There are 2 protein chains.
Amino acid sequence: MANIQKVAKKAGVSVATVSRVLNNPDVVTLKTRTKVEQAIHELNYEPSALGRNLRTSRSRLLLVLLPSISNPFYTEIINGIEDTAIEEGYNILLCETDSNPERENIYFNMVKNRLAEGIISMDPTVNKKTLTDLAKDYPIVQCSEYDEDGTICYVSIDNELAAYHAVRHLIKLGHEKIALINSDEKFLYARERYRGFQKAMEEFELPIRPEWILNMENVKFEDGQQAMKGLLKQEVRPTAVFAVSDVLAIGALKELNINQIRVPEDIALVGFDKIVFSNMTHPTLTTISQPMYKMGSISANMLINKIKGKAVESVILEHELVIREST
Amino acid sequence: MANIQKVAKKAGVSVATVSRVLNNPDVVTLKTRTKVEQAIHELNYEPSALGRNLRTSRSRLLLVLLPSISNPFYTEIINGIEDTAIEEGYNILLCETDSNPERENIYFNMVKNRLAEGIISMDPTVNKKTLTDLAKDYPIVQCSEYDEDGTICYVSIDNELAAYHAVRHLIKLGHEKIALINSDEKFLYARERYRGFQKAMEEFELPIRPEWILNMENVKFEDGQQAMKGLLKQEVRPTAVFAVSDVLAIGALKELNINQIRVPEDIALVGFDKIVFSNMTHPTLTTISQPMYKMGSISANMLINKIKGKAVESVILEHELVIREST
DNA sequence: CTGAAAGCGCTAACAT
DNA sequence: ATGTTAGCGCTTTCAG
């Protein structure tokens, strides 16, 4: 395989000149430049990123941590991250942690040993202590996630306000018996969205019935279905349900369909995230839209700025209530 | 930042010994080893993968090319690839090409300039010529894809046979008026699945009506919905539809639901891929299941063997017809 | 404008 | 068992 030496020899110049042609062509005379380019072409030479990276001690690689790529919530964010990263000359490495600390460690080590230059964490299950420690020495930002002490920069929406808007929407439609399908309260966003729910209910002086607050361990379709099954079994049924993610809502909708319960006539349903599939259900799902692409793009910019040594600040973006057929 | 030199100095040994402690601890006496480990710990030293990679000229990185990560079809395959890769000490870089040749080139260059050691291509839109050329010099395998001249190793199912099984299933249920929602015939799998459809229809002496063969440009939900819209407008309606992907089928189902057409009573529907969603629709979708995890895992193994210089052979895996509510 | 040479951090052959 | 040293492929001063 051709290397810079061979190109230099063939072109009758020094390796330094070849390097200049590659990185800083303007400082080389047209004549030598064409000579070098000719040699590069003839030898089919491709500069080794390995050598370059070692020399410049930069890998141009960013890590994106997420629990599972199969969660459609992340796809649009990733697009935002990727586009921005590529624009800035970085590539991204999608890292599925499966909420497994061992996996996490593999990826943390990649930034420790310089294989990657920074991390965008979207994993709510990640060990915050580890992450915070790592953030002291390496560029790290969080996307659609943050910890309460907030030492790590993040981009997110106002989860409490968004949940408040979702529930207020149901209340304004006349609903008084509203259930909440939440995820595990170990997640900050789950606690925040609960608070939004609570705030709306209290504001309109509606009772919160504990048996209608369901905390699911996972955020898969089956969990939403399971939750709805639980709600339908109860003596008094709610007339509206707010699920803190579309995936949960779609699972819940499945159970409603199975039981031939009309949506929204019998039970209204609001999701969260506006994933693509939420528009393919029958009926289509009312949901909260997060500016996912933008979140991704901003978090990538934040990280790259951090890598460059610039100061960065956390950002809170606007959400939007998207009213569709399910309410 | 601590490097191997500093560790060596602190431990009072040579850099070679430090390297040995890292890579080949058995050949070092316990006494010096503990000394070195102590120094490593005190300096908080992490070996630089950059230096190591340059020296060994291996990056331990594999590229996975796919048109879009938002397509749920790929997620399980990726899991299979990733698990196997990590087991073998490799990491994977998920590369979204968006069917954009420029993007492709970025990733092709990563393997040319040694940033990655090989490619698993799952992109049907990739330029086969470019890929074949690259495959002459670099380790490349294809997953759930292959080109007809077949110079590149692949793992796939028998698309024609699978489609044949799907359609035969409909015929055995008594259907005679069967439509096909296909993707663009520029894709080999589209042509193969059409052949399977054709074979079943001919075997049972059923007519193929050209106006019931729809070739969609993309494979998104909307395309499936669009296709079904087209079918419903026709004078004579089919009683069954085979869609070559679940995403298309789910879009089609959406349109059926909108028009209150009963599935499977009025129109039966078969998909392809068994994506997670296909079990969340109402009714649940009959579909062809590919052994996706296994395909991923095998393709990763194939690639790694290729990198190691071993001979590898293409593999065709079994599919399975999963009968659910939509037929 | 170009060349010589140092060196990024590491591994491995060779020497002791 | 450990040390010495060359060198992976490149970029970047410093001279000229």
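Please read these numbers as outputs of a predicted model, since none were measured by experiment. Every chain is numbered from 1 and lettered A, B, ... according to where its sequence line falls, protein lines coming before strand lines.
- The A:N3 side chain lies nearest to D:dG9 when the options are C:dC10, D:dT4, D:dG9.
- Within a 6.0 Å sphere centred on NZ of A:K35, other residues, nucleotides and ligands contribute more than 12 heavy atoms.
- There is no side-chain donor-acceptor pair under 3.5 Å between B:S121 and B:D123.
- Here B:N53 does not reach the OP1 or OP2 of D:dC8: none of its side-chain N or O atoms lies under 4.0 Å away.
- Within the 4.0 Å cut-off from OP1 or OP2 of C:dG3, at least one side-chain nitrogen or oxygen of A:T17 is found.
- For A:R55, taking side-chain heavy atoms from C-beta onward, the closest of the listed nucleotides D:dT5, D:dG9, D:dT13 is D:dG9.
- Note on A:T29: a side-chain N or O is less than 4.0 Å away from OP1 or OP2 of C:dT2.
- An OP1 or OP2 oxygen of C:dT2 is reached within less than 4.0 angstrom by a side-chain nitrogen or oxygen of A:T32.
- Between B:S19 and C:dT11 there is a side-chain N or O to OP1 or OP2 distance below 4.0 Å.
- Counting non-hydrogen atoms of neighbouring residues, nucleotides and ligands closer than 6.0 angstrom, the CD atom of A:E42 exceeds 12 such neighbours.
- Note on A:V13: only backbone sugar-phosphate atoms sit closer than 4.0 angstrom, heavy atoms only; bases stay farther off.
- Look at B:R52 and you won't find any side-chain N or O under 4.0 angstrom from OP1 or OP2 of C:dG9.
- Residue contacts shown for A:R20 include a base, since a base heavy atom lies under 4.0 Å away.
- No contact: B:L50 has no heavy atom under 4.0 Å from any strand.
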